[in-house]
Each structure stands twice: as C-alpha cells, then as structure tokens.
Amino acid sequence: MGAYQEGPPKKASVLGVDSISVTVYAADGKKESTKQGKLDEALLKATALRSGQYVEVSFTPLLDGAPAKPQQAMLAAASKAHPGLTAYAVAKAQKGGSHVASLGTAAIEKQLGSLGGELALSLLLGDPAAPLGVSGSIGSLLLPEAATGSAAPKPKLLTAGHQPVNNFKPNIAHIFRTPDKRAPAVVSLAFTGLALAPLALLVLYLGALGVNFAGFPSGTAGLWALLFHGGIAALLGLYALFWLRLDLASTLPAALGLGAFTALTGYKALSALSAQRAAEAKVAAVAVKKAN
C-alpha cells in the first residue's frame, strides 16, 4: 500500500465589492445627487443631510470574483466627534446579486439620539467562506448640529465599550403571596387518628371474633389466595409510602401494576376455589349415591 498523500490545501475565498453607487434622496423621495465609484473613494465629502433626507448605497458583493450574498453586509455611520457611536443599516439583497442599504436622519436619530456633526460612512462585509472581511470608506455625512446648553439632548451610548456604569437594569425582586396560616399540629394528628380509626376498629373486631385459618383454601386455590392477599398488602404498603415520601407521578404506575396483579390473582383464586368446591360436591354426591 502506498503512503497517504494529502492534496493541496484549499485556497481561501476572497470577498470583494464591485462598483458602488451612492444616491442622496430628499425628504419627499426625489433624487438630489448620485455618484458612482469604488470602495475607499470619497463619494460623499461631508454631504449635508437635512431632516427627512436619507442616503442609499447600492453595490454588488463579490466572492472570488463572482456575485455573492455574504452573511453580513451593512452600512455604518460613525461619529467623528464621539468615538464609538455608530449607526448601522443592514443591506438587503436585490435581484441580480446587488445589495442596497439606506440610512437617513430618522434612523440615525433613533439609534444615536439627536447627534450632530460629521459621520464617517463605511461599508462592512463578512462571510464564513472568506477569512478576511471587507471594510472600506465611501465618504462622510454632515448632520446639523443639535441645540447647545443644558437643554441639549445627550447622544445615546449604545455600543458595549461605551456603556455608562449606571445603566444596569435593576434586579427583579419577586414578591410571593404570604402562605395561609396552618392549623396546629395537634389538629392534624387528630384527623390522622380519625382516618385510621376504622382500621383499628377492624383489627379489634377480628381479634374479638378470633382468627381462624381452618377455612383457608388449600392446594392451587390456596396458592392463588395467598398471592391475592399479598397483592392487597402490597397496595396498602404503597399507599403508606405515598403518604410518607412518594409523589403521585411515581405512585400511579406502581398502583396500576399492583392493582392488575391483585385483580388477576383474585380471579384465579375464586376460579380455583369454585372448581375445588365443585369437585368436593361431586365426590360427596357419588358417596351418597353409593350409600343408598
């Protein structure tokens, strides 16, 4: 047998971006300007974005030179005045392999608050097939400055690296209903005694009558009778265990099994006893017939 030889290592895929088109729309949806170029070109140079306006970026992701649909494709607008504050817009795939991402003043304010100043616009791509992602600049936007002074709204710090220390959510303290007041232990013991009183009376009654095993069947009927009474004793023991430590889910299967066993042995005991008595009656009838 020849030695196993590994094939050449698989070449890693390369993620890229085709030409990019950036369009600025007015608040009423009309196009104001459109520019095309490559990644890392300043297609937008501090372009002012007034209230209601938005920018739309169209591009075609490439994987090994062919149009592809990467796992992650988004547009990022990072504040230059407040490092760490970034608004994101996920790109949506279109027919033909192109992707479109749009980001406007309303979306930026929703994510970052009333933040003014210049925002660096960049494109982010990532996919498990490519070990290296794509991150490139496409220009910058200029938002109108927010009001100044004590009434000026502060920008929201949403990124994990810039969370304030005091923004932790409070611990939830569950409030349970106060348990109802229970009866004293003496009352519980008294009712337990009342529940066991019939069994005690039965034992006393049987003791007064006297226990007589002379009428207990013998032979096959006696064996089935012993099994039947053993099943009853096992059921009583199971009920005692249920009272002391078992739960209903574990008690029911055992009770069903013991109940079926007790019913079967009881039926067999009665059948054997009936057959034994019929045989004894037949023997007695034959004996009487011979005597006559």
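Positions are given from 1, in the same order as the sequence printed here.
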Identify all side-chain donor-acceptor contacts of residues 124-144 below 3.5 Å with residues at least two apart in sequence or on another chain.
residue	atom	partner	partner atom	Å
Asp127	OD1	Gln71	N	2.9
Asp127	OD2	Ala129	N	3.0
Ser137	OG	Gly139	N	3.3
Ser140	OG	Ala46	N	2.9
Ser140	OG	Glu118	OE2	2.9

Donor-acceptor pairs are to be reported for all side-chain atoms of residues 221-246 against protein atoms at under 3.5 Å, with residues two or more places apart or in another chain.
residue	atom	partner	partner atom	Å
His229	ND1	Ala225	O	2.8

Validation: residues 172-200 side-chain donor-acceptor distances under 3.5 Å, sequence neighbours left out:
residue	atom	partner	partner atom	Å
Arg177	NH1	Asp180	OD1	3.2
Thr192	OG1	Ser188	O	2.8

Pair up each side-chain donor or acceptor in residues 95-104 with any protein partner under 3.5 Å, not counting sequence neighbours, and list the distances.
residue	atom	partner	partner atom	Å
His99	ND1	Gly97	O	3.2

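No donor-acceptor pair under 3.5 Å is formed between the side chain of Ser274 and the backbone N or O of Ser271.
Between the NZ atom in Lys30 and the CD atom in Gln53 there is a gap of 13.0 Å [rounded to 0.5 Å]. A distance of 11.5 Å separates CG in Leu273 from OG1 in Thr220, rounded to the nearest 0.5 Å. In this structure, the separation between CG on Leu49 and CD1 on Ile108 is 6.0 Å, given to the nearest 0.5 Å. Note that the OG1 atom of Thr86 and the CG atom of Leu112 stand 7.5 Å from one another [nearest 0.5 Å].
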Go through Leu44 and Val24 one step at a time and tell me if the side-chain contact (heavy atoms from CB on, under 4.5 Å) criterion holds. CA-CA 10 Å; Leu44 298 176; Val24 178; 4.2 Å; yes
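Leu123 and Leu62 are not part of a single hydrophobic cluster, where members link through side-chain heavy atoms under 4.5 Å apart.
Connectivity analysis of hydrophobic side chains (ILVMFWY, heavy atoms under 4.5 Å, direct or indirect) links Leu204 to nothing; its cluster partners are none.
With sequence neighbours excluded, the residues satisfying side chain to side chain donor-acceptor pair (under 3.5 Å) with Asp64 are Ser13. Remark: Ser19 engages no residue in a side chain to side chain donor-acceptor pair (under 3.5 Å) (not counting sequence neighbours). Not counting sequence neighbours, the partners of Thr34 by the side chain to side chain donor-acceptor pair (under 3.5 Å) test are Thr23. For Asp28, there are no side chain to side chain donor-acceptor pair (under 3.5 Å) partners two or more places apart in sequence or in a different chain.
Pairs of residues two or more places apart, or lying in two chains, never qualify as ring pair (Phe, Tyr, Trp, His ring centres under 6.0 Å) while including a residue from residues 244-275. Among residue pairs with one or both ends in residues 42-62, those qualifying as salt bridge (charged side-chain N to carboxylate O under 4.0 Å, His left out) are Glu32-Arg50; sequence neighbours excluded. Pairs passing the ring pair (Phe, Tyr, Trp, His ring centres under 6.0 Å) check and including a residue from residues 25-56, sequence neighbours excluded, read Tyr25-Tyr54.
Here the closest heavy-atom approach between residue Ala120 and residue Lys80 is recorded as CB-CE, 3.9 Å. Residues Thr265 and Thr262 share a closest heavy-atom pair of OG1-O, 3.0 Å.
With a 4.5 Å cut-off on side-chain heavy atoms, Asp18 and Lys38 count as touching.
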